[in-house]
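Encoded as structure tokens, the structure appears first; notes follow it.
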Amino acid sequence: MTAAKNEPTTPARRRAPGMSPEQRRAMIIQAAIPLITEYGSAVTTAKIARAAGIGEGTVFRVFADKDELLQACVAEALSPEHAVRELDTIDVTQPLPDRLAEAAEALQAHMDRLGAILGSLGHRGGKHAGTVRGAGREESTTRIRAALADLLEPEKDDLRRPPEQIAALFIGLLFTQPRTDGEPDLSPRELVEVFLHGALSGGAE
């Protein structure tokens with residue numbers, strides 16, 4: 001018996017294009033980072049696979065074992081790529097205080113993300129936290145400092161020191177801001193004001 005001429009036909013399902021190993025690694029890392037922040041090195045590859053919407057076996061097609069995956073997540077958190085992109089999008093025609101305030105917000109977000117991951121792994125698997133010491137951290141700081149120096153370039157002739165040195169000083173103040181009992185942390189805008197004008201109210205005369 002032949003089917004009726006007007007009987008609807010089911011369209012063939014189109015398979016989504018496959019991912020390259022590099023794309024799959026990146027996807028798994030992005031799914032794993034929030035779980036590592038929550039569970040530290042106790043997170044299971046099964047939980048990571050569920051979060052990524054894949055089978056657990058797929059994880060081991062691109063990572064040798066869980067240790068390699070954790071190391072890759074730490075490297076991703078340490079990577080300056082996102083922070084550098086944020087700095088590169090800041091409008092250099094803005095006044096310097098506005099540029100530096102935006103830069104401070106971007107860099108604080110970068111450090112908060114890194115600190116959350118390292119804090120979890122530091123308490124439950126210190127060998128992974130140790131990955132950030134050495135060349136990786138130095139390279140990250142160098143790239144961030146260079147991007148920040150570019151934001152200072154329009155004021156080059158008015159700076160007391162070269163933009164690269166001023167950028168290093170700003171990063172030092174931003175990342176080592178001390179905590180004071182009973183006092184809130186400086187906002188990015190307040191930190192910039194102290195950096196540019198010193199501790200005296202109203203700025204230097």
Side-chain angles (χ1 to χ4, degrees), residues 29-30 33-34 36-38 40 73-126 128-205:
I29 289 170
Q30 291 305 315
I33 284 176
I36 294 172
T37 300
E38 183 175 357
C73 289
V74 172
E76 172 64 20
L78 179 62
S79 170
E81 294 298 334
H82 182 73
V84 169
R85 284 196 299 269
E86 289 289 312
L87 294 177
D88 287 345
T89 62
I90 295 174
D91 184 0
V92 295
T93 65
Q94 297 181 90
L96 181 59
D98 294 337
R99 273 177 272 152
L100 289 180
E102 285 191 38
E105 291 176 1
L107 294 178
Q108 284 179 339
H110 170 68
M111 291 305 297
D112 287 346
R113 183 175 186 234
L114 177 59
I117 293 176
L118 296 185
S120 294
L121 293 177
H123 291 298
R124 309 173 205 156
H128 304 293
T131 303
V132 301
R133 298 182 179 92
R137 169 168 284 177
E138 183 176 348
E139 179 184 358
S140 177
T141 302
T142 298
R143 292 196 56 198
I144 288 173
R145 185 172 61 240
L148 187 57
D150 287 342
L151 290 178
L152 296 165
E153 192 66 27
E155 282 76 23
K156 180 177 180 179
D157 293 338
D158 297 323
L159 298 175
R160 293 178 183 271
R161 297 287 182 177
E164 293 78 9
Q165 188 173 10
I166 296 296
L169 291 170
F170 184 71
I171 291 171
L173 176 61
L174 179 64
F175 290 168
T176 62
Q177 181 183 167
R179 302 295 185 260
T180 305
D181 292 340
E183 293 292 338
D185 291 345
L186 295 177
S187 69
R189 178 70 60 176
E190 291 170 333
L191 185 141
V192 168
E193 289 176 356
V194 171
F195 180 74
L196 292 177
H197 306 298
L200 294 177
S201 177
E205 294 295 336

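Basis for what follows: all heavy atoms, side chains included, without hydrogens, waters or symmetry-related copies.
C73 is not listed as a side-chain neighbour of I117, based on a closest heavy-atom distance of 4.5 Å or more. Contact check for Q94 versus E102: side-chain heavy atoms found under the 4.5 Å cut-off. Within the 4.5 Å cutoff, no side-chain heavy atoms of L191 are placed close to those of D185. Within the 4.5 Å cutoff, the side chain of F195 has heavy atoms near those of the I166 side chain.
Listed by chain and number, the residues in a salt bridge (charged side-chain N to carboxylate O under 4.0 Å, His left out) with R99 are E155 (sequence neighbours excluded). Under the rule for a salt bridge (charged side-chain N to carboxylate O under 4.0 Å, His left out), R161 has no partner lying at least two apart in sequence or in another chain.
S140 places a side-chain N or O within donor-acceptor distance of the main-chain N or O of L78, the cut-off being under 3.5 Å. Here the side chain of S79 pairs no donor or acceptor atom with the backbone of A75 at under 3.5 angstrom.
Between L148 and I171, the closest heavy-atom pair is CD2-CG1, 3.8 Å. Smallest separation of non-hydrogen atoms from E76 and R113: O-NH1, 4.1 Å. Of all heavy-atom pairs spanning L186 and V194, the tightest one is CD1-CG2, 4.4 Å. Nearest heavy atom pair, residue P154 against residue L151, reads CD-O, 3.5 Å. Minimum interatomic distance between P188 and Q108 (heavy atoms only, all atoms of both residues): CG-OE1, 3.6 Å. The heavy-atom pair separating L87 from I144 by the smallest distance is CD1-O, 4.0 Å.
Within the structure, salt bridge (charged side-chain N to carboxylate O under 4.0 Å, His left out) contacts touching residues 186-196 (residues at least two apart or in different chains) are D98-R189.
Rounded to the nearest 0.5 angstrom, Q30 CD and I33 CD1 are separated by 5.0 Å. Expressed to the nearest 0.5 Å, how far OG1 of T89 lies from CZ of R85 amounts to 10.0 Å. Here D150 contributes atom CG and I90 contributes atom CD1; the two are 11.0 Å apart, rounded to the nearest 0.5 Å. Expressed to the nearest 0.5 Å, how far CG of D158 lies from CG of L152 amounts to 11.5 Å. Separating the CG atom in D112 from the OG1 atom in T37 is a distance of 11.0 Å, to the nearest 0.5 Å.
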Inset, instruction - Apply the test side chain to side chain contact (heavy atoms under 4.5 Å, CB included) to residues R143 and E81: give CA-CA distance (whole Å), side-chain angles for both, the deciding distance (0.1 Å), then the verdict. - result: CA-CA 9 Å; R143 292 196 56 198; E81 294 298 334; 2.4 Å; yes
